[in-house]
Structures are given as structure tokens and as C-alpha cells.
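Take a look at the structure below.
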Amino acid sequence: AIKLTPAKKGSRSSSGRVIGVDEISVLLRQTLALRHPTKDGQSVEKSIDKRDVALLATLYGCGPRRAEVASIKTKDWAPDFESLTITEGKGNKERYIPVPPVFIPFIKEWAEHYCPRPDEPFFCSIDRWGNINRSKLTGGSIADIVKKRQRELGLESLSPHDFRKT
């Protein structure tokens with residue numbers, strides 16, 4: 001006779017890590033502080049830095065999945081940027097997310113710089129010359145942005161999902 005035994009319940013340690021407040025503060029401040037030299041010897045902020053700071057603030061402050069961030073349209077933000085409605089979430093569920101007040105200025109600055117129309121993607125691609133293309137980012141490009149900023153600042157390895165654990 002065959003003796004059946006119940007399956008052992010296993011446990012998995014979660015992958016990824018929690019991002020500390022001090023670490024996100026450095027990430028946002030250092031990205032904003034980046035200056036880029038011009039041909040005439042001046043230094044300027046670039047659109048890409050403003051977009052990336054708003055993107056990182058949204059990831060950390062609201063905890064959306066990267067595909068949800070990619071699908072955010074301007075109309076999904078409350079007029080004062082105090083809340084965000086995810087309309088294309090997992091399971092096609094709509095959910096409302098309050099935005100912590102400390103992150104609102106970063107998001108507003110990007111919106112004022114970019115001036116998107118209501119049905120346009122809020123986080124869009126920017127070419128290597130700094131031109132805003134108004135086409136939406138993909139989940140993969142969001143992961144690339146997070147990795148790029150992490151490497152630039154010499155921080156411990158980061159992924160977009162790490163922002164959800166915080």
C-alpha cells in the first residue's frame with residue numbers, strides 16, 4: 001500500500017529589499033542636483049532628470065506596479081496632485097492612491113515642465129537629445145530608469161518592485 005503524507009509547507013524569503021527614507025531622499029536630491037554641461041560652458045537641468053524624479057517619487061510615494069506607472073495618464077491625477085487613480089491595474093481593477101505631500105512638488109514640477117494633455121501618458125519617453133516624445137514608457141523602460149539612477153549614484157541594487165516593499 002502507498003502511504004500518502006501531506007506536503008510540507010515551505011517558506012520563501014522575499015526577494016528585493018526595502019528602500020529607506022534616507023536612501024530615497026538621496027536618490028531624489030542627487031538626481032535633481034545633476035547638471036549637464038552645454039557647448040557654451042553653462043550647465044543645465046534636463047527634462048529627463050525632472051521626469052525621473054517625478055517617476056521615482058511616484059514609485060516610492062504611491063507604490064504602484066511598473067506597468068501601472070507606464071499606463072498613468074494626466075487625467076488620472078487629481079488636479080492638485082494629492083491623489084492618483086490607477087485605472088489599468090492588475091486584474092483590471094481601479095484604485096485610488098493618496099500621494100504623500102512631500103512628493104507632490106516633484107510631480108507638479110514635471111507636469112508644469114511637460115504640460116501634457118489629459119489623455120497623454122504622464123511619464124513619456126525622452127530621446128537622447130532631450131526631446132519629449134509623448135509616447136508612453138514601458139514597464140521595462142521604467143526598470144531601466146531605476147537601474148540607471150541607482151548606478152549613477154552608486155546605491156545598492158534597486159528594482160521598481162523594491163519601491164512597493166517600502
Next on the checklist: Checking Phe106 against Leu28 for the side-chain contact (heavy atoms from CB on, under 4.5 Å) test, could you report, in this order, the C-alpha distance in whole Å, the side-chain angles of both residues, the deciding distance, and whether it holds?
Outcome noted: CA-CA 9 Å; Phe106 302 118; Leu28 295 175; 3.7 Å; yes
Of the non-hydrogen atoms in [X] and [Y], which two are nearest, and what is the gap between them?
| X | Y | answer |
| --- | --- | --- |
| Pro100 | Gly61 | CD-O, 3.3 Å |
| Gly139 | Ala70 | N-CB, 4.2 Å |
| Pro101 | Pro105 | O-CD, 3.4 Å |

Next on the checklist: If we ignore hydrogens and angles and just use 3.5 Å, is the side chain of Asn133 paired with the main-chain N or O of Ser135 as donor and acceptor?
Outcome noted: no
Please round to the nearest 0.5 Å and tell me the distance separating atom [atom1] of [X] and atom [atom2] of [Y].
| X | Y | atom1 | atom2 | result |
| --- | --- | --- | --- | --- |
| Ile72 | Ile86 | CD1 | CD1 | 4.5 Å |
| Ile48 | Thr31 | CD1 | OG1 | 11.0 Å |
| Phe81 | Ser83 | CZ | OG | 10.5 Å |
| Arg151 | Ser157 | CZ | OG | 8.5 Å |

Next on the checklist: I'd like to know whether Arg17 forms a side-chain contact (heavy atoms from CB on, under 4.5 Å) with Ser159, so could you lay out the CA-CA distance, the side-chain angles of the two residues, the decisive distance to 0.1 Å, and finally the verdict.
Outcome noted: CA-CA 9 Å; Arg17 65 188 189 89; Ser159 76; over 6 Å; no
Item to check | Among Glu94, Lys75, Glu68, side-chain contact (heavy atoms from CB on, under 4.5 Å) partner for Thr87 | outcome: Glu94
Checklist entry - Taking Leu137 as the fixed residue, which of Val69, Ile142, Ile126 is the one that meets the side-chain contact (heavy atoms from CB on, under 4.5 Å) rule? => result Ile142
Checklist entry - Going hydrophobic residue to hydrophobic residue with side-chain gaps under 4.5 angstrom, can you get from Val21 over to Ile107? => result yes
Next on the checklist: If hydrophobic clusters are built by linking Ile, Leu, Val, Met, Phe, Trp and Tyr wherever their side-chain heavy atoms come under 4.5 Å apart, do Ile24 and Val18 end up in the same one?
Outcome noted: no
Checklist entry - Checking side-chain contact (heavy atoms from CB on, under 4.5 Å) for the pair Thr58/Phe103: CA distance, chi angles, key distance, verdict? => result CA-CA 7 Å; Thr58 301; Phe103 297 114; over 6 Å; no
Next on the checklist: Pair Val146, Leu56 - check side-chain contact (heavy atoms from CB on, under 4.5 Å), show working.
Outcome noted: CA-CA 8 Å; Val146 170; Leu56 294 167; 4.2 Å; yes
Next on the checklist: For a 4.5 angstrom cut-off between non-hydrogen side-chain atoms, does Arg164 reach Arg65?
Outcome noted: yes
Checklist entry - Quick one: are Leu27 and Leu158 in side-chain contact, heavy atoms under 4.5 Å? => result yes
Next on the checklist: Please check if the number of heavy atoms outside Asn92 that lie under 6.0 Å from its CG is greater than 12.
Outcome noted: no
Checklist entry - Among side-chain atoms of Ser47 and Arg51, is any donor-acceptor pair under 3.5 angstrom? => result no
Checklist entry - Please, which pairs that meet side chain to side chain donor-acceptor pair (under 3.5 Å) have at least one residue in residues 100-112, sequence neighbours excluded? => result Lys50-Glu109
Checklist outcome for this item: Checking Lys93, Arg95, Lys73 against Glu88 for salt bridge (Lys or Arg N to Asp or Glu O under 4.0 Å), the one that qualifies is Lys73
Checklist entry - In this structure, which one of Lys148, Lys46, Arg149 forms a side chain to side chain donor-acceptor pair (under 3.5 Å) with Asp52? => result Arg149
